[in-house]
Protein chains: 2
Amino acid sequence: MYRPFREWNNLMTLRKKERTYSRYCRDAAQLLGKLIQLARKERRFSESDLADRAGISRSTLQRIEKGDLTCEMGLVFEVATIVGIKLFEADSRFLTMQIERADDKIALLPKTIRKSDKNLDDDF
Amino acid sequence: MYRPFREWNNLMTLRKKERTYSRYCRDAAQLLGKLIQLARKERRFSESDLADRAGISRSTLQRIEKGDLTCEMGLVFEVATIVGIKLFEADSRFLTMQIERADDKIALLPKTIRKSDKNLDDDF
DNA sequence: CCAATATGACTCATATATAGATCACAAAAT
DNA sequence: ATTTTGTGATCTATATATGAGTCATATTGG
């Protein structure tokens, strides 16, 4: 009974962001979604089961399994983790090591990047 | 000068979803962020450069590089792709093959999963 | 066959992410 | 040293994802 923005939202319904993603990006998300669905079924979880475990709604899980790119990264990662899919193909301890390694390498680079001469699209 | 929801938002400011994520999930996002930042600096892109290329704002890129789990998956994947980070360590053609393989394996499993007897936390 | 339930595809209100701006400060380039 | 530009950290309005339904259909177990 409290729907103050209803009509305004309806007026704006037609405007969608319509963002473009690269092919690789779309494929990666789709694959991840299918791997999640496969792992879920192998473990004999229904959509509701997995959604409950992850603390998300069933509709959101459905979007994740479809590879919807607009899903929140944390939700996707969490679901993947629950069904046993290792992102980065490494366990938690190794992740920490890699984080430290990345930190070290970043520390060696200049802290701010500026275009020295006219390097437009270099290093390709 | 047009701030109709201002006070209402301020009233609700304290309510945050406060979702919990697993350790692995947080580490994975943090590592991915750092890898993106490292790749960006190696390619000598400023934050604004990369943000423009990805079609996102600088503030969003900053959140991504920090490993903020609430970022949109598509934005993170897109940025990663631009700086040359391969998710899944495979190129696009191989991704498509893997998607098909996943489809095949899913097709072999029952289309709907139901708890036959009393399998609570099996397969561990 | 049938009854129970999983899935797919919607809708809507609300919670929340994003864009864009501003600010102070840091650090390169000259 | 001075100027220019990158970075870090905020804030707000708006755009959009999420949760929670509903309905129809499919599919499995019994």
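Each chain gets a letter, A, B and so on, in the order the sequences are listed, and its residues count up from 1.
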Next on the checklist: Tell me which residues in residues 64-79 of chain A lie within less than 4.0 Å of DNA chain C, going by non-hydrogen atoms.
Outcome noted: A:Lys66, A:Glu72

Checklist entry - Can you name the residues that form a side-chain hydrogen bond (donor to acceptor under 3.5 Å, both in side chains) with B:Arg23, not counting sequence neighbours? => result B:Asp27

Item to check | B:Leu61 CG - C:dA17 C1' separation (whole Å) | outcome: 15 Å

Checklist entry - Linking Ile, Leu, Val, Met, Phe, Trp and Tyr by side-chain heavy atoms under 4.5 Å, what else ends up with B:Leu108? => result none

Item to check | Any residue of residues 103-113 of chain A with a heavy atom less than 4.0 Å from an atom of DNA chain D | outcome: A:Lys111, A:Thr112, A:Ile113

Checklist outcome for this item: Smallest heavy-atom separation, B:Pro110 atom then A:Arg44 atom, equals CG-NH1, 4.1 Å

Checklist outcome for this item: Ranking A:Ser46 and B:Gln62 by the position along DNA chain C of their nearest nucleotide, the one closer to 5' is A:Ser46

Item to check | Co-members of the apolar cluster containing B:Phe94 [side chain, <4.5 Å] | outcome: B:Met97

Just distance, no hydrogens or angles: give the donor-acceptor pairs under 3.5 Å from side chains in residues 68-78 of chain B, sequence neighbours left out.
unit_1	atom_1	unit_2	atom_2	d
B:Asp68	OD1	B:Thr70	N	2.8
B:Asp68	OD1	B:Thr70	OG1	2.8
B:Asp68	OD2	B:Arg63	NH1	3.1
B:Thr70	OG1	B:Arg63	NH1	3.0
B:Glu72	OE1	A:Tyr21	OH	3.0
B:Glu78	OE1	A:Ser22	N	2.9
B:Glu78	OE1	A:Ser22	OG	3.4
B:Glu78	OE2	A:Ser22	N	3.3

Checklist entry - Taking atom CD1 of A:Ile82 and atom CZ of A:Arg40, what is their separation to the nearest 0.5 Å? => result 12.5 Å

Checklist entry - Starting at the 5' end of DNA chain C, which residue's closest nucleotide do you reach first, A:Gln37 or B:Ser59? => result A:Gln37

Checklist entry - Within the pair B:Ser57 and C:dG20, is there a side-chain N or O less than 4.0 Å away from OP1 or OP2? => result no

Next on the checklist: Taking donor-acceptor contacts at under 3.5 Å, does the side chain of B:Arg58 reach the base of D:dG6?
Outcome noted: no

Item to check | Partner set under salt bridge (charged side-chain N to carboxylate O under 4.0 Å, His left out) for B:Arg58, not counting sequence neighbours | outcome: B:Glu47

Next on the checklist: Going by salt bridge (charged side-chain N to carboxylate O under 4.0 Å, His left out), name the residues that satisfy it together with B:Asp91, two or more places apart in sequence or in a different chain.
Outcome noted: none

Item to check | Atom-pair distance (CD1 on B:Ile56; C1' on D:dT16), nearest Å | outcome: 16 Å

Item to check | Given C:dG20, D:dG8, C:dA9, the nucleotide with the shortest approach to the side chain of B:Glu47 | outcome: D:dG8

Checklist entry - Hydrophobic cluster mates of B:Leu38, side-chain heavy atoms under 4.5 angstrom, ILVMFWY only, any path? => result A:Ile106, A:Leu109

Listed pairs, N/O of protein and of nucleotides 1-3 of chain C, under 3.5 Å:
none

Checklist entry - Which nucleotide sits closest to the side chain of B:Arg40: C:dA19, D:dG19, D:dT7? => result D:dT7

Taking only distance into account, with no hydrogens and no angle test, what donor-acceptor pairs under 3.5 Å do side-chain atoms of residues 28-37 of chain B form with protein atoms, sequence neighbours excluded?
unit_1	atom_1	unit_2	atom_2	d
B:Lys34	NZ	A:Asp103	OD1	2.8
B:Gln37	NE2	B:Glu65	OE1	3.1

Checklist outcome for this item: Sequence neighbours excluded, the answer for side-chain hydrogen bond (donor to acceptor under 3.5 Å, both in side chains) partners of B:Asp49 is A:Lys115, B:Ser46

Checklist outcome for this item: Side-chain contact check for B:Lys41: nearest option of C:dA19, D:dT7, D:dG29 is D:dT7

Checklist entry - For B:Ser48 and A:Gly55, take the nucleotide of DNA chain D holding the closest heavy atom to each; which residue's nucleotide lies nearer the 5' end? => result B:Ser48

